[in-house]
Amino acid sequence: MNNSSFLQALSREKNDVPPIWFMRQAGRYLPEYQTIRKNYKNFLDMCKEPRTCAELALQPIERFDLDASILFSDILTIPDAFNLGLAFHEGEGPKFSNPISTPQDIARLEDFQIEKLSYVYKAVEETKKILPATLPLIGFCGSPWTLAAYSIEGGGSKDFAKTKKFISDHPEAVKDYLEIITDACFQYLKQQVLSGVNALQIFDSWADLLNPNDLETYSLKYTRKLARKLKEDVVTSKTPIILFEKAPQKKISDILFEDLSCISLHWSESIESVSENLKGQFAIQGNLNPLFLLESDEIIQAETKKICGAMKNFPGFIFNLGHGITPDIKPEKVRGHD
Ligand code: 1CP
């Protein structure tokens, strides 16, 4: 594992060729994923089969020359473990049948039971068994804020209107929930590390719902707390943490804090200007707009070269997308040529 170019980059070592992986590298754009997915009515049932998860994590590794693998699971396993009743129905996004609707729902929550997610830790073990021994595995969770937003909204949404109203009506109850989720995320990630993951990524995919003040109050405060807990624990203190923060309302350099190793940059950010401020402090992962993968090979190559050229001398650059691969992308485009 010491020779992993991905882990070296997370320690801000310079590589001649940047390591590569892609957010959502396993998933709906791959025909071999669809073949397995057909066997399950509910996506969550598939996530509960550790061997299947391992097989799905391996699919992009077999197809492309990638430098890291990511656990196959979903960020919504934690709210599901709090009995919010998660289901992914055919052709729809996630839906909670029992979302957080009142402060009483938060007060009544059962304690987090770490063993409810043992299917995830088993998936880590199974994945490590079949991955090439030199390939690192990334574990992950949603940020406390992003998980709270889904829990209150009851699923995905364009504007998360219900969540915004709930935080303005019941700010203290939301903070109680964020504390509970932060602790659950810590225990969950620790167990993933004990089971074999080599790095951790926290997805704050819904940070852009919050104004700059609320971003601090409801999101960053808890992500920082989660990262601190990980750094203070003997099991996780050395595991690098990557943060994906979709927060155009605040400068990246004002978001980062010392417990992180790396920022996974959204495609809307200028990687060149962000890198000038972060050199020597953090690794950077990113940030090709996944929409470019719908374009011609020439455009994909030119945009990729732009990013790699700008980051050529940056110690700790990992090439990735600036958000996940969408289901409409052809796998050949990920390779960069037909
Ligand atoms: O129907 C299907 O086949 C399910 C599609 C799918 C897949 C393949 C979902 C439902 N989740 C996943 C896997 C997944 N999700 C992974 C592992 C695969 C990999 O990366 O290779 C990871 C890391 C995630 C993380 C995730 N899930 C995020 C954070 C990243 C991001 O894109 O911002 C989020 C927001 C989710 C929620 C979620 N899960 C699934 C969907 C369709 C969604 C988005 C729902 C919405 O519209 O809000």
Side-chain angles (χ1 to χ4, degrees), residues 20-48 52-64 66 68-80 86-96 120 123-124 127 131 137-143 145-160 162-163 185 188-189 192 197 199-209 242-247 264-268 285-287 290 320-329 331 334:
I20 300 182
W21 73 279
F22 297 111
M23 282 195 272
R24 298 278 184 117
Q25 63 192 20
R28 287 171 290 179
Y29 76 108
L30 290 178
E32 57 270 37
Y33 170 86
Q34 298 292 1
T35 305
I36 292 180
R37 176 73 175 87
K38 272 195 216 114
N39 303 328
Y40 299 84
K41 255 188 111 162
N42 187 345
F43 169 72
L44 196 58
D45 293 337
M46 188 168 79
C47 291
K48 290 184 178 171
T52 304
C53 292
E55 198 183 331
L56 293 171
L58 192 69
Q59 285 180 344
I61 306 302
E62 288 188 321
R63 207 184 240 273
F64 312 113
L66 298 167
S69 170
I70 183 159
L71 164 69
F72 192 89
S73 190
D74 196 74
I75 61 167
L76 300 176
T77 50
I78 286 190
D80 186 56
L86 176 64
F88 291 82
H89 298 291
E90 211 68 52
E92 282 180 40
K95 283 264 172 323
F96 290 101
V120 178
V124 172
T127 309
L131 277 183
L137 178 63
I138 304 164
F140 68 91
C141 72
S143 72
W145 160 250
T146 291
L147 297 181
Y150 276 112
S151 309
I152 297 166
E153 199 66 25
S157 157
K158 273 211 178 77
D159 55 3
F160 280 76
K162 205 175 143 198
T163 306
C185 287
Y188 183 57
L189 292 180
Q192 289 185 28
V197 305
L200 295 168
Q201 179 147 337
I202 302 170
F203 289 96
D204 198 9
S205 303
W206 289 108
D208 61 341
L209 294 174
I242 306 167
L243 175 65
F244 173 71
E245 186 74 17
K246 189 177 156 211
S264 188
L265 213 57
H266 189 256
W267 55 260
S268 60
Q285 175 173 284
N287 79 338
N320 202 314
L321 299 174
H323 208 160
I325 300 180
T326 50
D328 52 352
I329 285 167
V334 174

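Counting starts at 1 for both ligands and their atoms, following the listed order. All values below were derived from every heavy atom in this structure, side-chain atoms included, with hydrogens, water molecules and symmetry-related copies excluded.
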Backbone or side-chain N or O of R28 under 3.5 Å from ligand 1 N or O | no
Of W206, Y29, F160, F43, the one whose closest heavy atom lies nearest atom 4 (C) of ligand 1 is F43
Does any N/O atom on R37 come nearer than 3.5 Å to any N/O atom on ligand 1?
-> yes
Criterion ring-ring contact (aromatic ring centres under 6.0 Å, His included) on H89 and F43, from CA distance to verdict | CA-CA 8 Å; H89 298 291; F43 169 72; over 10 Å; no
With E55 via side-chain contact (heavy atoms from CB on, under 4.5 Å) - residues at least two apart | I36
Shortest reach to atom 43 (C) of ligand 1 by a heavy atom, considering only R24, E92, M23 = R24
Selected option - heavy-atom contact closest to atom 23 (C) of ligand 1, from F244, Y150, F140, F72 | F140
Does Q201 have a heavy atom less than 4.0 Å from any atom of ligand 1?
-> no
Contact between S205 and ligand 1, counting heavy atoms under 4.0 Å?
-> yes
What do you reckon, does A26 have a nitrogen or oxygen under 3.5 Å from a nitrogen or oxygen of ligand 1?
-> yes
First locate atom CG of L30, then atom CZ of R24, and finally report the distance between them rounded to the nearest 0.5 Å.
-> 12.5 Å
Looking at atom 39 (N) of ligand 1, what's its closest protein heavy atom, distance included?
-> D74 OD1, 2.8 Å
Pick from S73, C47, G27: the one approaching atom 13 (C) of ligand 1 most closely through a non-hydrogen atom | S73
Which residue pairs satisfy the side chain to side chain donor-acceptor pair (under 3.5 Å) criterion with at least one member in residues 30-40, sequence neighbours excluded?
-> E32-R63, Y40-T52
Are the side chain of T146 and the backbone N or O of W206 linked by a donor-acceptor pair below 3.5 Å?
-> yes
Side chain or backbone of P94 under 4.0 Å from ligand 1, or both, or neither, by non-hydrogen atoms?
-> side chain
Does ligand 1 have a heavy atom under 4.0 Å from the side chain of L71, from its backbone, from both, or from neither?
-> backbone
Could you state the interatomic distance from CG (D204) to OG (S264), rounded to the nearest 0.5 Å?
-> 12.0 Å
Quick one: nearest non-hydrogen protein atom to atom 8 (C) of ligand 1, plus distance?
-> Y33 OH, 3.5 Å
